[in-house]
Number of protein chains: 2
Amino acid sequence: MDNRPIGIFDSGLGGLTCVKKVMEIMPGEDIIYFGDTGRVPYGSRSADTILKYTRQDIRFLETFDIKFIIIACGTASSAALPFIRSEFDMDIEGVLDPACKKAAALTQSGKIGVIGTHGTVRSGKYLQTLKRIDSGLEVYSKACPMFVPLVENGYTDGEVARLIAAEYLQPLKDAGVDTLILGCTHYPLLRGVIHDIMGEQVQLVDAGAEAAVYAKQKLEEKDLLCSRGYGAAQYYVSDAVDNFTEIAGMFLEKSVDGSVHLVNIENY
Amino acid sequence: MDNRPIGIFDSGLGGLTCVKKVMEIMPGEDIIYFGDTGRVPYGSRSADTILKYTRQDIRFLETFDIKFIIIACGTASSAALPFIRSEFDMDIEGVLDPACKKAAALTQSGKIGVIGTHGTVRSGKYLQTLKRIDSGLEVYSKACPMFVPLVENGYTDGEVARLIAAEYLQPLKDAGVDTLILGCTHYPLLRGVIHDIMGEQVQLVDAGAEAAVYAKQKLEEKDLLCSRGYGAAQYYVSDAVDNFTEIAGMFLEKSVDGSVHLVNIENY
């Protein structure tokens, strides 16, 4: 047993899809969340900048006495974590491995689609990880750079979201994928639109939620789950505390008033 | 006469609409441009963060021996410059005053529309500046937060841009404005769509271009124009040199190869 908190971070709000799942399946755990709202989005930045920002985010979480880090950001998980894991003396898991394992287990046809940011797709890490699990898998990747702005501006339904999603997803439909990894933690907020376009027969893998499930397994294996029945969460952001408080409250369906704090991430 | 360069900055690429105008009307001037591509967009950030980023951008440009700064960013011009101008011992002009003067001179009906980012509209500075010029003006402001992502992702035409623009601009059409200030330097790239929706009778004011015209007047008044016939530009960005080089080249219709450099803006 280990009652120290779990650290979770994302470039912004998307990682709350992972927080929600952690609260659901590990309700006793304390959580320290960091959302880099002052530098969001990560997905359109260069590989070097994504590396730098990810290192700072991890160093900030390390200042708390945490037992485990979940990178609930598709871009940082794929474009940074594989390159910097060895720099840190800490258990760190991203969304990459959990999502790939789930997708490989689900697919019948062996054709898997991956959608994510430019940074995620450019890294090629989803393709590489799926091929390592099963070299016979066919993987089709597609960057969807407008999805994060759509979500951050509330366009999660309606004609605009549908038009953009239809354009991005057409090549994956044409390829005949039967499983689609939502490789960015913002994308589950567009699940309805994505589901409508891809059709009933295509299974959607929520990378953030899978990371929470995977983290629970890891913590169980190492006997690091907490011994309490009810945990608490503290949220840190690099900009606009009020804005985050409002959206996080709606998203998590409970008030986070008083537990959101500002941090100067450039100091880490 | 003063042959020192002019400094120009924006949160990203939008300020190139101002650079282009400066090159056209003051072809002899040397230019130092900074695009904060590692922290774009500014318009969705808090007032405090916009202030901090703007101070860093000015401090960086001050490290060159420049004679004048143009803030070619609608958000920094309205949400930061009015509050920090007195901190710097340097001639600094934003897009706010030039655009307001132009719009006030153009309007027949006295009804002026202003579109910009959340940060710009929240600052209330366009309204305040127009009212100071003529208290009888009626001003209608509208934040258009999806316009920057549309431009940065190449959606400057077509159905998606039209749908979003129609939604944002409808209240301004309903109000009967005859002059519309494009208060963000990204927006001229959506000029065709905006023009189609607003109609022939509405005059569009390009804040970035007006800032260039205004800067020329100021430099003439103070006898600070350069004495050469042909100037050169150097570009500094806080991320992704290659990406900027490609887009800036297309935008300015000439190669900027070899003149784009990376800077760590957090050090300023």
Side-chain angles (χ1 to χ4, degrees), chain A residues 11-13 36-53 56 79 117-119 122 143-155 158-168 186 237-245 247 260 262-268, chain B residues 11-13 36-53 56 79 117-119 122 143-155 158-168 186 237-245 247 260 262-268:
Chain A
S11 60
L13 294 163
D36 199 0
T37 52
R39 304 189 297 193
V40 69
Y42 282 10
S44 55
R45 316 250 181 245
S46 70
D48 282 347
T49 292
I50 297 165
L51 281 170
K52 177 179 147 187
Y53 289 178
Q56 290 178 314
T117 65
H118 272 311
R122 188 180 51 211
C144 303
M146 283 296 287
F147 277 6
V148 170
L150 284 176
V151 168
E152 299 259 338
N153 288 289
Y155 286 85
E159 188 61 11
V160 166
R162 262 164 232 287
L163 277 171
I164 292 177
E167 179 191 325
Y168 285 151
H186 279 78
V237 291
S238 50
D239 194 19
V241 165
D242 291 350
N243 196 33
F244 183 89
T245 301
I247 299 178
V260 185
L262 189 65
V263 58
N264 188 349
I265 193 63
E266 288 163 18
N267 291 345
Y268 294 88
Chain B
S11 61
L13 293 163
D36 198 0
T37 52
R39 304 189 298 192
V40 69
Y42 281 11
S44 55
R45 316 252 182 243
S46 71
D48 282 347
T49 293
I50 297 165
L51 281 171
K52 176 178 148 188
Y53 289 178
Q56 290 178 314
T117 65
H118 273 310
R122 187 179 52 211
C144 303
M146 283 295 287
F147 277 5
V148 170
L150 285 176
V151 167
E152 298 259 339
N153 288 289
Y155 285 85
E159 188 61 11
V160 166
R162 263 163 231 285
L163 277 170
I164 292 177
E167 180 190 325
Y168 285 150
H186 280 79
V237 292
S238 51
D239 195 18
V241 166
D242 291 349
N243 195 33
F244 183 89
T245 301
I247 299 177
V260 185
L262 190 66
V263 58
N264 188 349
I265 193 64
E266 288 163 18
N267 291 346
Y268 293 87

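Every chain is numbered from 1 and lettered A, B, ... according to where its sequence line falls, protein lines coming before strand lines.
- Remark: A:Tyr168 pairs with A:Phe147 by the ring-ring contact (aromatic ring centres under 6.0 Å, His included) rule, at least two apart or across chains.
- Of the listed residues (A:Asp48, A:Val40, A:Leu163, A:Leu150), the greatest number of heavy-atom pairs within a distance under 4.5 Å of chain B belongs to A:Val40.
- A:Arg45 places a side-chain N or O within 3.5 Å of a backbone atom of B:Thr37 that can act as its donor or acceptor partner.
- In this structure, chain A has a heavy atom under 4.5 Å from the side chain of B:Asn264, while its backbone stays farther away.
- Residues satisfying the salt bridge (charged side-chain N to carboxylate O under 4.0 Å, His left out) test with B:Glu159, not counting sequence neighbours, are none.
- For B:Glu167, the part sitting under 4.5 Å from any heavy atom of chain A is the side chain, from C-beta outward, and nothing else.
- Residues A:Asn243 and B:His118 have side chains not in contact (no heavy-atom distance under 4.5 Å, counting atoms from C-beta outward).
- If you tally non-hydrogen atom pairs under 4.5 Å between each of B:Pro41, B:Ser44, B:Ala47, B:Pro149 and chain A, the highest count goes to B:Pro149.
- Annotation: the span from B:Asn153 atom CG to A:Ile164 atom CD1 amounts to 8.5 Å, rounded to 0.5 Å.
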